[in-house]
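In what follows, a structure is listed as structure tokens, so that the remarks can point back to it.
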Protein chains: 2
Amino acid sequence: MSILKKISAQLEAMAPADRQIGRFIIDNPDQMLRLSSAALAVETGRSQSSVVKFSQKLGYAGYQELKLAVSEAKAQEWQAPAGMIHGTIEVGDGYLTILQKLLGSKMQAMQQTISVNNEANIEKALEALHDARRIHLAGVGASSLVARDFSYKLMKLGRNVLHDSDSHVQMANASTLGPDDLLFALSYSGASIETLRIAELASQRQATVVAVTGLQDNPLARVADICLHTVGDEDRVRSSAITARDAQLMLTDLLFILLVQRQPDANDYVHNSETAVSVLKAKRLS
Amino acid sequence: MSILKKISAQLEAMAPADRQIGRFIIDNPDQMLRLSSAALAVETGRSQSSVVKFSQKLGYAGYQELKLAVSEAKAQEWQAPAGMIHGTIEVGDGYLTILQKLLGSKMQAMQQTISVNNEANIEKALEALHDARRIHLAGVGASSLVARDFSYKLMKLGRNVLHDSDSHVQMANASTLGPDDLLFALSYSGASIETLRIAELASQRQATVVAVTGLQDNPLARVADICLHTVGDEDRVRSSAITARDAQLMLTDLLFILLVQRQPDANDYVHNSETAVSVLKAKRLS
DNA sequence: AGCAAATTGGAATAAAAAATTCCAATTCCC
DNA sequence: GGGAATTGGAATTTTTTATTCCAATTTGCT
């Protein structure tokens with residue numbers, strides 16, 4: 001969640017000094033980035049320590065971290081390609097409007113998901129995946145399909161993958177994990193009980209836990225060693241896990257491609273897979 | 001001109017300390033933004049004053065201004081994709097290039113898939129889905145996951161859905177279809193033997209056959225009553241059904257939304273589903 | 001209504017970070 | 001070879017950030 005949006009949401013409930021400082025930042029993010037805490041204090045008629053405290057109340061170590069977050073929020077502001085429509089799909093919308101809003105929401109979710117995950121963190125997850133003796137995938141509902149899709153891709157590369165749609169089997173599999181293994185857990189809410197319990201068990205057993213989860217603070221993120229974040233906008237597309245699923249796929253597809261890049265024999269594996277499947281395709285008739 | 005590019009261009013002509021500092025910034029812009037001038041000095045094995053002087057030699061008042069410029073350069077990198085990079089992901093591609101190519105390929109697949117299906121044809125498929133007594137979903141491999149995803153969505157709306165991952169069960173289910181039923185068959189190649197055989201059987205039994213398949217002439221398209229086309233570009237993303245899957249999801253998501261729009265009690269169904277699932281979510285703790 | 005606890009927020013202070021100065025060593029140019 | 005220019009770290013100064021102290025105000029409970 002963009003810090004600018006977060007400040008906006010909390011503005012009314014803030015005390016006077018905080019509200020004034022928050023208002024200034026929302027209205028003038030570019031300018032704020034160029035100001036010292038003392039200069040911002042002058043601009044708002046408040047004290048320098050109030051500026052630092054404002055930052056800390058938002059959860060940052062101090063003003064410098066807040067500035068970084070504002071900078072990232074600005075970078076994340078999505079620039080729509082020409083012609084794209086933003087907005088919530090509504091009852092009276094016609095076909096073309098629905099279509100464009102759906103497409104716009106999907107694109108936004110994917111792009112923002114990329115924006116909120118920095119390269120270092122992706123590389124960290126990639127490294128862990130690459131080095132894992134076994135990769136166990138966990139997820140329920142829509143996330144279970146993303147997990148399965150990713151499991152097919154990993155298996156295609158010859159990786160040792162554990163995946164089952166039954167959460168009891170997932171749990172039992174997790175009980176066999178060890179320090180050389182990795183749990184890849186998907187849950188947009190981060191609160192799905194099955195996925196959470198599996199992650200807790202994997203963590204207890206010293207497996208590396210990689211979570212693919214929403215940006216909000218959540219129990220799964222707290223258990224994970226490595227957190228990859230997804231941004232979805234379910235309210236706009238009548239829920240049903242459309243953009244959250246697309247966001248997760250964006251990350252798993254990226255990890256797959258990056259793994260292919262760093263696995264010298266990947267092309268062989270992919271080619272072998274296609275050859276093997278071709279016997280299950282109808283022959284072309286001229 | 002991005003400061004990162006500017007540093008890159010000047011790197012070879014720089015003195016040793018400057019080169020080292022510049023190299024670090026180019027390689028680790030995210031990390032740099034979080035470091036003080038002293039911490040960056042430690043990372044590079046150079047002195048804190050060298051860091052400040054490096055900034056000043058580049059034309060900035062000091063390190064803080066350089067940081068702002070780096071932050072802006074990074075923001076520009078993300079905004080650039082408005083133009084989108086199209087191209088084949090290749091062995092030497094760096095992280096950012098891979099990312100942009102992947103995102104670009106996904107967006108292109110979805111946009112083109114929308115373009116090749118006219119509203120009349122989508123509405124025809126929608127009408128058939130809406131009116132069907134039972135909807136049977138068929139697909140194998142990656143298409144099977146799209147089929148399953150769509151089956152979950154249709155079931156959430158209270159529709160009578162037949163879906164099983166086992167193609168033999170799919171075949172047996174198809175043998176129970178009749179004129180009031182509909183087969184929704186997904187296969188990008190249109191040549192998957194199982195899906196094809198199921199479609200042929202459904203067609204024989206007078207069920208309506210809706211195919212979601214690639215643009216090329218193929219056996220599945222020939223059997224179908226209604227053809228929805230998908231455009232993927234698997235060669236660009238190392239195969240593995242990434243863009244073909246995204247294209248299929250674009251269509252199934254669109255059909256789902258359109259169904260929600262024309263089913264008066266859809267919101268109730270979606271809401272009931274969320275409420276039901278909420279008991280399987282961990283409670284938020286204050 | 002009264003009182004204790006909690007919150008607010010500025011002034012003062014301390015710590016950290018950024019910027020400049022000093023100067024020795026090295027390189028460049030005539 | 002010698003002077004000028006450049007390099008770059010250590011030392012120092014200045015600025016910025018963060019924390020502490022404490023008075024005033026608000027909140028919550030009896």
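These values consider heavy atoms only, across backbone and side chains, with no hydrogens, waters or symmetry-generated copies. Throughout, a chain's letter reflects where its sequence line sits, starting with A, and its residues are numbered from 1.
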>> If we ignore hydrogens and angles and just use 3.5 Å, is the side chain of A:Arg134 paired with the main-chain N or O of A:Thr176 as donor and acceptor?
In response: yes

> Can you give one letter per nucleotide of nucleotides 11-21 of chain C, 5' to 3': B if a protein heavy atom sits under 4.0 Å from the base, S if only from the sugar-phosphate, - if neither?
Replying inline: B-----SBBBB

> Would you call A:Lys106-B:Asp246 a salt bridge at under 4.0 Å N-O?
Replying inline: no

> What is the 5' to 3' range of DNA chain D, first to last nucleotide, that sits under 4.0 Å from any heavy atom of chain A?
Replying inline: D:dT16 to D:dT20

> Ion pair present between A:Asp149 and A:Lys153, side-chain N to carboxylate O less than 4.0 angstrom?
Replying inline: yes

> Salt bridge or not for A:Arg23 and A:Asp18, using N-O below 4.0 Å?
Replying inline: no

>> Run A:Glu127 and A:Arg262 through salt bridge (Lys or Arg N to Asp or Glu O under 4.0 Å) and show every step you take.
In response: CA-CA 10 Å; A:Glu127 207 67 33; A:Arg262 65 179 304 173; 2.8 Å; yes

>> One thing to verify: whether A:Arg197 and A:Glu200 come together as a salt bridge, which I'm taking to mean a side-chain N less than 4.0 angstrom from a carboxylate O.
In response: yes

> Between B:Arg34 and A:Glu72, is the closest basic N to carboxylate O distance under 4.0 Å?
Replying inline: yes

